[in-house]
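It should be emphasised that the depicted structure is a prediction, and the values quoted were computed from it without experimental measurement. Letters A, B, ... mirror the listed sequences (proteins, then strands); counts begin at 1.
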Amino acid sequence: MTIDKTFDPAAIEAKWYAHWESTGAFRPERPDAEPYTIVNPPPNVTGSLHIGHALDNTLQDILIRHARLQGKDALWVVGTDHAGIATQMVVERQLNARQQKRTDFTRDEFIAKVWEWKEESGGEITGQLRRLGCSMDWENERFTMDEGFSKAVIKVFVELYNQGLLYRDKRLVNWDPGLKTAISDLEVETREINGKFWHFKYPLEDGSGFISVATTRPETMLADMAVAVNPSDERYAHLVGKNVRLPITGRLIPIVADEHADPELGSGAVKVTPGHDFNDFEVGKRAGFKASEMFNMLDGEGRVVQTSDGLIPQDYIGQYRFGIEGEPTNARKMVVEAMDALGFLEKVEDRVIQTPFGDRSGQVIEPWLTDQWYVDAETLAKPAIEAVRSGAIDIVPKSWEKTYFNWMENIQPWCVSRQLWWGHRIPVWYGPISYDDDKYQANFTSLEGYKIFVAEDEAEAHAQALEFYGSSRPIIIEEQPLSISEPERLVAEASFGKAPIRLHRDNDVLDTWFSSALWPFGTLGWPDQSSELDRHYPNDVLVSGFDILFFWDARMAMQGIHFMKEVPWKTLYLHGLVRAADGSKMSKSKGNTVDPLGLIDQYGADALRFFMAAMESQGRDIKMDESRVAGYRNFATKLWNAARFAQSNGISGSHSISAPKAELAVNRWIIGEVVGTVEKLNKAFAEFRFDGMADVIYHMVFDQFCDWYLELIKPAFVDGEKGEMDAESQIVAGWVLDQILVMLHPFMPFITEELWHALGERPYDIIHANWPEPSATVDADAVREIDWVIDTISKTRSFKAELNIPPGTRLTANIADPQPSTIAIIERQAAALSRLGRIDSFAFAPVETNNIAQIVVGGDTVVFALDGIIDLDAERSRITKAIEAAAKERDALAGRLSNAAFVEKAKPEAVEKARADHAEKASEAERLTAALARLG
RNA sequence: GGGCGUAUAGCUCAGCGGUAGAGCACUGCAUUGACAUUGCAGGGGUCGCAAGUUCAAACCUUGCUACGCCCA
């Protein structure tokens, strides 16, 4: 197959991807091979490929393709995440566009709509990952809500509950009034906003005066339960134990002593609202309030509701907590105005306030007192910390360990329940604490009065209930307690003569990260014991952005170790973010995102991938630099043209895996270069230095192979006729090109597969080729010979350019005192020296003229007679510069060697090298000085 | 407030004890012959600042400055 003149990435990308996928190339049967496993961070099913995915997946694909080339049973697990909030929001937005809302439907109806959306529009990103060339195991594509995975999620919930590591608790949560769900600490983003600091006077109950408090949240005074002062604060010591008559509500609240009050801040006294502030919650507990007694004054959307003491004036009820668009007034405004009118507003200051926002909704988070499910993260974190300390998990780069430890050691209980419909529904059923009490039909804001059944399915919940309640009454599991149809109830009562016991299931779903934490084993069949699970757990590497270290990586470590008794992966590789060209974070709202698919369209997937690898150095973010992507497209074109050149010179794919026998120095030299490249590449792979890998292979292809090797073996044109390439070079070049293609394949899969096949009939695709073994050796004689040739040609070109001698000018060279080895080299390399150096011949005698240009190569002075074309002044200054350069190095080395301390204390090899370098530089300077003298 | 990272050529980045490199950009030259998405040659850096350790520091230590991120 003749290689096309132009390299068109788009044409080959689609072709080879389809070929690989349809032939099952991504997961060949290799039952006896060493397994190698990576699980892909499941992208949101709503997602589309952004530049960060391109980086993350390119790195993984490089590792997987490399392992596959090494003959391993390489498995790259792929799937998508149901992404609870994100997906529910997408579908809700669609409904809104049709003037509908989620609550127009039953839960089941809505969930059916989400599934429908998922089938139709979900998973766009999986097609985009294919465009990037990712060689995932699509045949076993997973979804975090597929049947098997859901089973794993439920099992984990039940087991953690039974082990006491998961519990229901009433405490303050981060409540997102926009999404109307609890979220975890990690989903809260603290931002600084310009706010105000209101100073209020609270009258003492006994009428003896006032106590001043300052607050950034005046509206919450409707639920104040105390005023706190610091116990060491003498100004207030006499007030502790007295009561305050709270304005507006008239509630009587105590003045308490608590360390939380900062004497330096404001008046030193603070209002305490345990139901709407995390610090105040703790103060309230210390003051003796039970969580169940703490006042709640807001509903799920942030509107005022009556507190349990009924003291909030009616006109406040239903007001939003603070200003929202389109609302004429709000609780904050009303409270401030009322306090002002009462003469209790002392002053208002401007102040920068640390304010929590929901990372998805952008709403101000409200600390809200609810019952939620929590995972005892502290207990689970301990072995996960130990795993990193012991080296069972190797975090690369190591600098992230400290961040990991710091977070894990201070980890808080993880709130895992979400008030959403889309997700893994919590497998908990509630029933009456006893069958005489049916108050359980009230809302579920309290634990009291309910019996909890945690079970893997309804049947088991039923069985547990039967055991608990006995069989004297029927037990009915209801979707909603009040929705039971009358006929059913009649039937039940008719049958048993008594009212049934009603259970109903928890309405909430689990945090999406609760399920994705199980990805490394849930995707391999767990809880069933499969051979896949056996072989591929622990995974080898996890590649992720550091931004999900806590969200995902740490939780995988915790769950994996807890349930599998082994770490989920041996190495955790963390990479940075891809930033915009100016270094700012890319975001849709800023409009500075770069679409990886656009880059693929423009430069090809191979170029984008190579860019990602080349830019990925450890511990640093990547700044987008499109010119470099273009540069790597040029690199691919270069390779393409090199292959065309090879093809037109009778070079084809090699039949040999080991290096062919070679006599010619140039061939022995390039074989050595391949060996060196493989060794360097292997080292870079072992160290996860993606930039190093890219650098090594780039220079091998561009410099050694294209710029020198192909030029050196290129047949000459004689009388306008192109000569034949010698057979040995054809064979060696074919082998070298094959090694290059294989080594480059993980980085540039498409072009390498195309050229692999274009260059010959192959028994297998390159995706299944063999990674080169550095079995051949570097031939020192060949290196010396080719170095001499390259150096001579380079220096000849160089002096011509500097002396304004047209590069095409053909010259003869004289070496008056050649080393014997040089004569032999020149004999063997005459053709190359002529073609590339434009040196027609060498004479081993002094030249007759003083109009000369001279270069020093190795230990030889090569002299070119240039009567009529040389500018001697220019040559003098050129040589003078060269002398200066050589002398400078010589003198520096001499200085070092004359320092007794250096010779005595430095490593012997450093001294040895300094001596050798000094001798070389001294000789070079000497020869150049002699050359200058010859010019007269 | 605590922690982490970064500061090297105009730009984007390697190098992390033996005296500075790459890509892009720039300058000059070249070209029937794989490749203008090219080739050859070249210019360009007191490696943020200061002190210390060392025979030797861009690299190690300390401090400072600037920028970025994370946690509170």
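Figure legend: K800(A) and F864(A) shown without cation-pi pairing, the cationic atom not lying both under 6.0 angstrom from the six-membered ring centre and within 45 degrees of its axis. For R835(A) and F717(A), the positive end is not near the middle of the six-membered ring at less than 6.0 Å and at most 45° from its axis.
Rounded to whole Å, the C1' atom of U27(B) lies 27 Å from the corresponding atom of U32(B). Comparing the C1' positions of C47(B) and U19(B) gives a spacing of 12 Å, expressed to the nearest Å. Nucleotides G63(B) and A9(B), compared at atom C1', are 28 Å apart to the nearest Å. Across the P atoms, C24(B) and U53(B) are found 43 Å apart, a figure rounded to whole Å. Taking the P atoms as reference points, A7(B) lies 13 Å from C49(B), given to the whole Å. Taking atom C1' in both G43(B) and G21(B), one finds a spacing of 16 Å when rounded to whole Å. The separation of U6(B) from G48(B), taken at their C1' atoms, amounts to 11 Å, rounded to a whole angstrom. Taking atom P on both nucleotides, C11(B) is separated from G17(B) by 27 Å, rounded to a whole Å.
Side-chain proximity of N641(A) to A34(B), U38(B), C70(B): nearest is A34(B). Comparing A34(B), A72(B), G42(B) by their nearest atom to the side chain of Q354(A) picks out A72(B). With C35(B), G18(B), A30(B) as the candidates, the nucleotide lying closest to the side chain of P807(A) is A30(B). Side-chain atoms of K722(A) lie closest to G33(B) of the nucleotides G33(B), A41(B), G3(B). Comparing atom distances between the R579(A) side chain and each of C71(B), A34(B), G68(B) picks out G68(B) as nearest. Taking only side-chain atoms of K881(A), from C-beta outward, the nucleotide of G3(B), C55(B), G43(B) with the closest atom is G43(B). Candidate nucleotides A72(B), A34(B), G18(B) were compared by shortest atom distance to the side chain of C706(A), and A34(B) ranks first.
One finds no side-chain N or O of T6(A) lying less than 4.0 angstrom from the OP1 or OP2 phosphate oxygen of U37(B). Phosphate contact (OP1/OP2 of C70(B), side-chain N/O of N406(A), threshold under 4.0 Å): absent. Contact annotation: K638(A) does not reach the phosphate of C35(B) (side-chain N/O to OP1 or OP2, under 4.0 Å). Between K5(A) and C35(B) there is a side-chain N or O to OP1 or OP2 distance below 4.0 Å.
Using a 4.0 Å heavy-atom distance criterion, T403(A) is classed as making no nucleic acid contact. Across all strands, S798(A) comes closer than 4.0 Å only to sugar-phosphate atoms, never to a base (heavy-atom distances). K907(A) comes within 4.0 angstrom of a base, heavy atoms only. Backbone-only contact: R797(A) has heavy atoms under 4.0 Å from sugar-phosphate atoms and none from a base. Using a 4.0 Å heavy-atom cutoff across all strands shown, F702(A) reaches sugar-phosphate atoms only and no base atom. Here D547(A) lies out of heavy-atom contact (under 4.0 Å) with every strand. Nucleic acid contact class of G631(A) (heavy atoms, under 4.0 Å, all strands): none. Within the nucleic acid shown, E189(A) has no heavy atom closer than 4.0 Å to any nucleic acid atom. If you check every strand for non-hydrogen atoms under 4.0 Å, A892(A) touches nothing.
Taking atom CZ on F7(A) and atom P on U38(B), their separation rounds to 13 Å, with Å as the unit. In this structure, CZ of F635(A) is placed 12 Å from P of C24(B), rounded to the nearest angstrom. Straight-line distance from the CD atom of E802(A) to the P atom of A41(B): 11 Å, rounded to whole Å. Distance, D8(A) CG to C35(B) C1': 16 Å, rounded to whole Å.
Between W400(A) and F546(A), the two ring planes are parallel [angle under 30°; tilted spans 30° to 60°]. Ring geometry for Y698(A) versus F610(A): interplanar angle of 30 to 60°, hence tilted. Classification of the F685(A)-F747(A) ring pair by plane angle, with boundaries at 30° and 60°, yields tilted.
For the pair N804(A) and W400(A), both in contact range of RNA chain B, the more 5′-proximal nearest nucleotide belongs to W400(A). Comparing P806(A) and L186(A) by the nucleotide of RNA chain B that holds the closest heavy atom to each, the one mapping nearer the 5' end is P806(A).
Across every non-hydrogen atom of Y404(A) and A384(A), the tightest pair is OH-O, 2.8 Å.
No donor-acceptor distance shorter than 3.5 angstrom exists from the side chain of N406(A) to the backbone of K402(A), with no hydrogens or angles considered. Formation of a donor-acceptor pair under 3.5 Å by the E616(A) side chain with backbone atoms of D621(A) is not found in this model. The backbone N or O of G895(A) lies less than 3.5 Å from a partner atom in the side chain of S898(A), making a donor-acceptor pair.
Between Y603(A) and F611(A), a ring centre-to-centre spacing not shorter than 6.0 Å is recorded.
Base pairing in RNA chain B yields stems of at least 3 consecutive Watson-Crick or G-U pairs, both distances under 3.5 Å, namely B:1-7 with B:65-71, B:10-13 with B:21-24, B:26-30 with B:38-42, B:48-52 with B:60-64.
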Nucleotide by nucleotide, nucleotides 11-16 of chain B touches protein heavy atoms under 4.0 Å in the pattern (B base, S sugar-phosphate only, - none) -BSSS-
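Of the charged side-chain nitrogens involved, none lies within less than 4.0 Å of a carboxylate oxygen, so that E626(A) and R633(A) do not count as a salt-bridged pair.
For the residue pair N174(A) and S184(A), no side-chain donor N or O sits within less than 3.5 Å of a side-chain acceptor on the partner.
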